[in-house]
Protein chains: 4
Amino acid sequence: MAKPATKRISDRRPNAGLGNAPQPAAASGRGGARAKRSAERRDAILAAALEEFSASGFAAARLDDVARRAGVAKGTIYLHFADKEALFQELIRHELSPIVGILEQAAHTDVPVDVIVHRLIEMFVSQVYDTHRKDVIRLIITEGARFPKLAEFYYREVLARVTKAMREVMRRGVERGEIKHDALARFPQLLVAPAILALIWNGLFDKFEPLDVRALMRAHCDLILQNGRAA
Amino acid sequence: MAKPATKRISDRRPNAGLGNAPQPAAASGRGGARAKRSAERRDAILAAALEEFSASGFAAARLDDVARRAGVAKGTIYLHFADKEALFQELIRHELSPIVGILEQAAHTDVPVDVIVHRLIEMFVSQVYDTHRKDVIRLIITEGARFPKLAEFYYREVLARVTKAMREVMRRGVERGEIKHDALARFPQLLVAPAILALIWNGLFDKFEPLDVRALMRAHCDLILQNGRAA
Amino acid sequence: MAKPATKRISDRRPNAGLGNAPQPAAASGRGGARAKRSAERRDAILAAALEEFSASGFAAARLDDVARRAGVAKGTIYLHFADKEALFQELIRHELSPIVGILEQAAHTDVPVDVIVHRLIEMFVSQVYDTHRKDVIRLIITEGARFPKLAEFYYREVLARVTKAMREVMRRGVERGEIKHDALARFPQLLVAPAILALIWNGLFDKFEPLDVRALMRAHCDLILQNGRAA
Amino acid sequence: MAKPATKRISDRRPNAGLGNAPQPAAASGRGGARAKRSAERRDAILAAALEEFSASGFAAARLDDVARRAGVAKGTIYLHFADKEALFQELIRHELSPIVGILEQAAHTDVPVDVIVHRLIEMFVSQVYDTHRKDVIRLIITEGARFPKLAEFYYREVLARVTKAMREVMRRGVERGEIKHDALARFPQLLVAPAILALIWNGLFDKFEPLDVRALMRAHCDLILQNGRAA
DNA sequence: GATGAATGAGGGTTCATTCAT
DNA sequence: TATGAATGAACCCTCATTCAT
């Protein structure tokens, strides 16, 4: 075989996996201007990548465009990310990380179920739907099948936790008699299903028939919490 | 915007759009063996395309693989479809058409709401979830953003009709007092949200945590129809 | 990792190894014009590759130039060879194979040692030095270190055989008293050393001081066979 | 023609040729610590370059690796050498210079031919074969065709001299009757051919069949000096 | 019609070289 | 002087599309 010239990558490039991001070592002195510029570029690349990947999908997105949009040269991308795939994965990771922490607590306050549910929905809307994280979730949905590691990461770090927390909340609600139905305890996914649908609808069909997410989620709340306004 | 391949000559080519498929003219005599062979090949190509597009996504799928899987030469694809994009669009169209008709009636029978809902859900599971149509819906979700025409087609031919029908059913249900809540009338999407979620979950997270669609949909039914088993 | 779009090579490309060359299947009918054209192109590519690799070295040679020189499109190269490296390896193989057979016999005739030696040297000059095989041997010398497989192939198929045959010839010569020295039997390499040197000299220093290979080899013969013209 | 990298701006840059090396001006005061550090770095770079060029060849070697191995920054290389090519050429020059001087005398002592030959061979083994100069000679062999200037330098400074000296020694030997054959006088290359072969063999085939250079050279000596142990 | 060899534009990746710090 | 982040030209390889057979 003898791969004489090319490749020999793996030992020299920033990690392509899903471990801790590289964050090119801050050269010297605390917060050197150099390191700051570098971090800014990295962020610019990530932001540009999100836009391009969202607009074209992973396979069709061109790193050339990412670079142009980020205002850097194509080669610069490779100073921060091992390859296109690593850029994609770290992008998702980067955007999702903040969420993970927040999720943990959200459910652990000892307040009535309906309050928690409302709070969660509000959080989804303000922290995801109204931000570019919406695009991140969309990317997981559209590209996840081709990136099992990402799907797993998302499941482990987000879904599993949300699901678990929800299940407990619902169980508590059932025990307290706050909700009359154990469906949500058995399938916490039912709680978020409309949120996912909204995400998709928004991306594909909003121009034909706009969907008011807040209203949708409120209606969903009413429905499952059985506070429906009697017809 | 569909930046899938190179040329983007789609407008110069025959039936790249969503008009009626070409159905290569039956050579001579009605139902000639020639025409039959041709139709078979076309179907084989469509079937192969569905598999490949589902597995790799539109951009990353290779027509070479489609051809091999269909058992035809690469060039043959171009005898039936103008280009990769047309193949994709006609594929979706081809798979969706049968559904459209069915949908119309489904709602128009004058039976209690809960019966209709159960029937719909059963239809979704048996006609979509348990068939390769599941993949078609997934493709619309994952590629729709890049194929506005497809998204529109799907909205117009499927979503809009389903939505409209559902809305009427729900309204009737509310009027008759069969359901106490108008949420579903205002947002028929709430009815199908779990189905969509199941589709996505199944593709991405089933290996981490399997989701029993039937049970999920039944729980969903119970929940929104308020027949929940009291805790 | 998820290598979604790219690569997926190994199962679709012609063998990159050193096994039997692919020789794209002759389509149909004996010696179809199609297959012939294909074989011609393959040969043209190999010839062009030899020139380019010889002129620039493996790493610096550009497949673009190979294609242009061969009168084919860049992509055509990949119809015949898995990648640049496979092209290189098959090139060496292709050029060397004919030699291998010839070598076997050369030594096995039962004639006096000096006849065999002269014959061998003549063969080297006419079959290697005066042909483009000279470039092949040079490539092995210059690139062999980066292509262990090639070096091994050359050693196994050519060197080991030549060495073995020479050793026997020399041993026989010593036994018969045709040569008075066992140096050549112990180090058959001494026999070919000047040939190698000539190859190198010819490539690097001929313009400063031309070297008459035939004369050199003749002198070498005289020297080691001790037929030196007394001073 | 050296088509190694991109720009090929070699003519616009300082000392890309084979003239005297730059030896970055000793900043101030004779033998300042500054100058010493600089010279050390230069040497480290040269040493690293030899390793990298030997391992990968000129075209495939990466200055990045040279820098890392030398323990300096990539930019530092350019403080000492105009470009990659200049580094390569000066490297060869640097390593070869010491030899040149030695060679001159070696032959000029008035001792019997066989003594001189043995001495030369010993010198080759100890001064070249057992040192990293072996790699330098190998580089000339493998890259010389792409660096005519280097080949010329090597020819002029080393080969031509050795050849000339050898020729005289041999002529003398013939006159004195110390050797019975004028082959070596006409083709001094015959003397060194096995040394060259050993160099190449060692790099490519030693792992398949080790070659004992000393024994080889001794046998060679015996053979051409006709002191062969009678079989 | 059917084939699949051939094409060549395009994009990911590398790396010599530059230059602000 | 030394650094190493940044640049961008170049090159390998892919694959949608064409077309002679």
Side-chain angles (χ1 to χ4, degrees), chain A residues 5-9 13 24-25 27-28 32-35 37-38 41 59-65 67 72-80 82-85, chain B residues 4-7 9 13 24 27 34 37-38 41 60-65 67 72-80 82-85, chain C residues 5-9 12-13 24-25 27-28 32-35 37-38 41 59-65 67 72-80 82-85, chain D residues 4-7 9 13 24 27 34 37-38 41 60-65 67 72-79 82-85:
Chain A
T6 33
K7 303 289 161 141
R8 240 183 311 170
I9 292 180
R13 315 204 125 279
S28 65
R34 203 66 154 285
R37 293 266 306 157
S38 179
R41 277 167 193 274
R62 296 187 325 234
L63 290 191
D64 236 342
D65 291 339
V72 302
K74 214 175 354 166
T76 304
I77 295 176
Y78 289 85
L79 294 177
H80 295 273
D83 55 20
K84 195 186 185 186
E85 193 175 326
Chain B
T6 34
K7 306 292 176 79
I9 36 178
R13 320 210 118 278
R34 197 69 146 288
R37 286 277 304 158
S38 182
R41 280 169 191 276
R62 281 178 279 106
L63 290 192
D64 231 342
D65 291 341
V72 303
K74 221 184 332 176
T76 305
I77 295 177
Y78 288 84
L79 295 176
H80 295 271
D83 57 19
K84 193 185 184 186
E85 196 173 324
Chain C
T6 32
K7 303 288 160 141
R8 239 183 313 170
I9 291 179
R12 288 180 292 106
R13 316 206 124 278
S28 65
R34 204 64 154 287
R37 292 266 308 156
S38 180
R41 278 165 192 275
R62 296 185 326 232
L63 290 193
D64 236 343
D65 291 339
V72 302
K74 219 187 332 180
T76 305
I77 294 176
Y78 290 87
L79 294 177
H80 295 273
D83 55 19
K84 193 186 185 186
E85 194 175 325
Chain D
T6 35
K7 307 291 175 83
I9 35 177
R13 321 210 117 278
R34 198 71 147 288
R37 287 277 303 160
S38 181
R41 278 169 193 276
R62 281 178 278 107
L63 290 192
D64 231 344
D65 291 341
V72 303
K74 220 182 335 174
T76 305
I77 295 177
Y78 288 84
L79 295 177
D83 57 18
K84 194 186 184 186
E85 197 173 323

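Chain naming here is simple, since letters A, B, ... match the order of the sequence lines and numbering starts at 1 in each. Worth knowing before you read on, the calculation uses all heavy atoms, side chains too, and leaves out hydrogens, waters and symmetry mates.
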Using Watson-Crick or G-U wobble geometry with both distances under 3.5 Å, which nucleotide pairs with F/dA20?
E/dT3

Where is the tightest heavy-atom contact between C/I77 and C/L63, given as atom of each residue plus distance?
CD1-O, 3.6 Å

Does the structure show a Watson-Crick or G-U wobble partner for E/dG8, both distances under 3.5 Å? Name it, or say none.
F/dC15

Report the nucleotide, chosen from E/dT3, E/dA6, F/dA10, that has the shortest atom-to-atom distance to any side-chain atom of C/L79.
E/dA6

Looking only at heavy atoms, the pair that brings A/K84 and A/A59 closest together is NZ-O, 3.1 Å

Can you measure C/R62 atom CZ to E/dT14 atom C1' for me and round it to whole angstrom units?
16 Å

Between B/G75 and C/A73, name the one whose nearest nucleotide on DNA chain E is closer to the 5' end.
B/G75

Find which nucleotide of DNA chain F each of C/K74 and D/R37 is nearest to by heavy atoms, and output the residue with the more 5' nucleotide.
D/R37

For atom CG of D/D65 and atom P of E/dT17, their distance in whole Å:
15 Å

More 5' along DNA chain F: B/L63 or C/D64, using each one's nearest nucleotide?
C/D64

Rounded interatomic separation in angstrom, taking CZ from A/R34 and P from F/dA6:
8 Å

OP1, OP2 of F/dA6 versus side-chain N and O of A/H80: anything below 4.0 Å?
yes

Using a cut-off of strictly less than 4.0 Å, decide whether D/R41 has a side-chain nitrogen or oxygen near OP1 or OP2 of F/dA2.
yes

D/T76 vs F/dT3: side-chain N/O to OP1/OP2 distance below 4.0 Å
yes

Where the side chain of A/D83 is concerned, which of E/dT13, F/dC12, E/dT17 is the nearest nucleotide?
E/dT13

Value in whole Å for how far the P atom of F/dT18 lies from OH of B/Y78
7 Å

Using 0.5 Å steps for rounding, measure from the OG atom of B/S38 to the CG atom of B/L79.
8.0 Å

Report the distance from atom CD1 of C/I77 to atom C1' of F/dC15, rounded to the nearest whole Å.
16 Å

